[in-house]
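Reviewing the structure listed below.
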Amino acid sequence: MAYAESSSDVELKRQLPRLVDAADVLTDSEKSDLLAKLDEISESYQFDVAVITIKKLPEDYRIKNYADNIYNYYGFGIGNNRDGCLLLIDAGEREWGISTCGYGMTVFTDAGIEYIGKRIEEAGLSEAEYDKALLQFTKLCDKFIKKAQTGKPYNAHNLPKRIVWAEGLIYPVLTALPFGLCFAEIFTRKLQKEKIIINL
C-alpha cells in the first residue's frame, strides 16, 4: 500500500469522521461532545484517535482484526506512518478491540492496550454505559500519548496506578496484566482484499 508524503495528504484520504456510531448507542449530544474531544486530541498531537461502534461483529472475524481492517480501508492515520489508533466496540457483545498504526505501536504496548480495555469496561462498557466508557478512552489516549512523548511510554512495568476503595481505605494498586497478547503490526500487513463496509 502506498502512503502519502505529508500528513495533510493522508488526512484527505480519511473517508470517515473520527466517530462513527453505527450501533446507535449514543445520543446526539454525546456524539457531538465525543467527536469534539477526538478531533481535539488528534489535531493537537497529529495522531488519529477514532472510535467506531457496530451492532454486531461479522462472522469469521475477531474484533481486533476487524478494527485493523477498518483502520486501513477507511484511511485512518496521520503522517507518513499513518500514526493513530482506533477503538472498535461491538455493542451486541460489549466487546472491544483496538487497532494501532505507526507511532501508535509505541504509544500503546500490549500491556497498555489491555489496561485501557479494562478501564473502559469498568467505566461503563460492561453496563452498556457507552458514553462513560468512550470518554474514559479519550482521557486515557491523551494520557498515554503524553507519556510516550517523554520517551518512556507506558508498558507492563510502569502502567498508571489505580486508586481502589476497600473498607474505607484508599490505596494504589498496580494492575497485573497478561503478556503475550496478539499485537498485529498493521503498518506492514497487507489489507485484505474484500470490502469493509460499516452499515450506517
Side-chain angles (χ1 to χ4, degrees), residues 14-42 47-71 73-74 76 84-100 104 107-145 154 159-166 170 173-178 181-184 186 196-200:
R14 180 165 54 83
Q15 301 173 43
L16 293 173
R18 293 186 175 102
L19 173 64
V20 178
D21 182 25
D24 197 25
V25 295
L26 301 170
T27 66
D28 289 343
S29 176
E30 289 169 346
K31 291 176 189 177
S32 178
D33 290 345
L34 182 59
L35 179 58
K37 287 181 173 63
L38 292 170
D39 285 340
E40 179 182 3
I41 294 171
S42 300
F47 181 97
D48 252 348
V49 178
V51 171
I52 291 179
T53 71
I54 57 176
K55 293 182 179 179
K56 184 179 179 181
L57 189 68
E59 292 185 7
D60 301 324
Y61 270 102
R62 298 183 65 177
I63 194 163
K64 174 64 169 64
N65 294 337
Y66 197 56
D68 289 347
N69 288 347
I70 290 173
Y71 191 101
Y73 187 81
Y74 287 103
F76 287 98
C85 68
L86 181 147
L87 170 66
L88 178 64
I89 298 289
D90 174 358
E93 299 294 331
R94 299 179 192 170
E95 186 181 8
W96 60 272
I98 295 177
S99 176
T100 62
V107 174
F108 304 103
T109 62
D110 291 2
I113 288 175
E114 188 68 10
Y115 175 93
I116 290 173
K118 295 295 185 183
R119 299 295 77 75
I120 64 175
E121 288 173 359
E122 293 172 355
L125 181 60
S126 297
E127 303 299 326
E129 295 178 342
Y130 295 99
D131 181 50
K132 293 179 180 178
L134 298 179
L135 287 175
Q136 176 74 312
F137 174 70
T138 64
K139 291 177 182 177
L140 288 170
C141 283
D142 184 72
K143 187 180 186 74
F144 272 63
I145 297 168
Y154 286 120
L159 288 170
K161 293 183 179 181
R162 300 171 57 205
I163 302 300
V164 178
W165 288 86
I170 305 176
V173 175
L174 183 60
T175 307
L177 296 167
L181 299 175
C182 178
F183 192 67
I186 64 173
I196 306 298
I197 299 174
I198 303 172
N199 296 318
L200 303 179

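For residues 131-144, the set of pairs meeting the side chain to side chain donor-acceptor pair (under 3.5 Å) definition, not counting sequence neighbours, comprises Y45-D142, D142-K146.
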Worksheet item: Step by step, would you call R62 with D68 a salt bridge (charged side-chain N to carboxylate O under 4.0 Å, His left out)?
Response: CA-CA 10 Å; R62 298 183 65 177; D68 289 347; over 6 Å; no
Practice prompt. Start with the C-alpha distance between V20 and Y74, add both sets of side-chain angles, then the distance that settles side-chain contact (heavy atoms from CB on, under 4.5 Å), and finish with yes or no.
Written response: CA-CA 12 Å; V20 178; Y74 287 103; over 6 Å; no
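Contacts of F144 classified as ring pair (Phe, Tyr, Trp, His ring centres under 6.0 Å), with partners at least two apart in sequence or in another chain: F108, Y154. Scanning for side chain to side chain donor-acceptor pair (under 3.5 Å) contacts around E95 gives an empty result, with sequence neighbours left out. With sequence neighbours left out, the salt bridge (charged side-chain N to carboxylate O under 4.0 Å, His left out) criterion links K37 to no other residue. Legend: residues meeting side chain to side chain contact (heavy atoms under 4.5 Å, CB included) with S32, ordered by chain and number and at least two apart, are absent.
Residues L140 and Y115 meet the side-chain proximity criterion, which asks for heavy atoms closer than 4.5 Å. Using a 4.5 Å cut-off on side-chain heavy atoms (C-beta onward), L134 and I120 make no contact. Between T53 and Y130, the closest side-chain pair of non-hydrogen atoms is not below 4.5 Å. A heavy-atom distance below 4.5 Å is found between the side chains of I145 and V49. Inter-residue side-chain proximity for D24 and K31 is flagged as met; some heavy-atom pair is nearer than 4.5 Å. The closest side-chain heavy-atom distance from C141 to F47 is not below 4.5 Å. For the pair I98 and Y71, the minimum side-chain heavy-atom distance is 4.5 Å or more.
Note that the NZ atom of K55 and the CG atom of D21 stand 9.5 Å from one another [nearest 0.5 Å]. T100 OG1 to K64 NZ: the interatomic distance, rounded to the nearest 0.5 Å, is 5.5 Å. Here the straight-line distance linking atom CD1 of I70 with atom CD1 of I52 works out to 4.5 Å at 0.5 Å rounding. Taking CD of E121 as the start and CD of E127 as the end, the distance is 11.0 Å to the nearest 0.5 Å. Between the CD1 atom in I41 and the CZ atom in F137 there is a gap of 8.5 Å [rounded to 0.5 Å]. One finds the CG atom of D33 at 11.0 Å from the CG atom of L38 (value rounded to the nearest 0.5 Å).
The 12-atom threshold is exceeded at CD of E129, counting heavy atoms of other residues, nucleotides or ligands nearer than 6.0 Å.
Heavy-atom minimum distance, E30 versus V25: OE1-O, 4.3 Å.
Not one N or O on the side chain of D48 forms a donor-acceptor pair closer than 3.5 Å with the backbone of F76.
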Return a table of donor-acceptor pairs under 3.5 angstrom between the side chains of residues 84-94 and protein atoms on other chains or two or more places apart.
from : atom 1 : to   : atom 2 : distance (Å)
D90  : OD1    : G92  : N      : 3.0
D90  : OD1    : E93  : N      : 3.4
R94  : NH1    : S126 : O      : 2.8

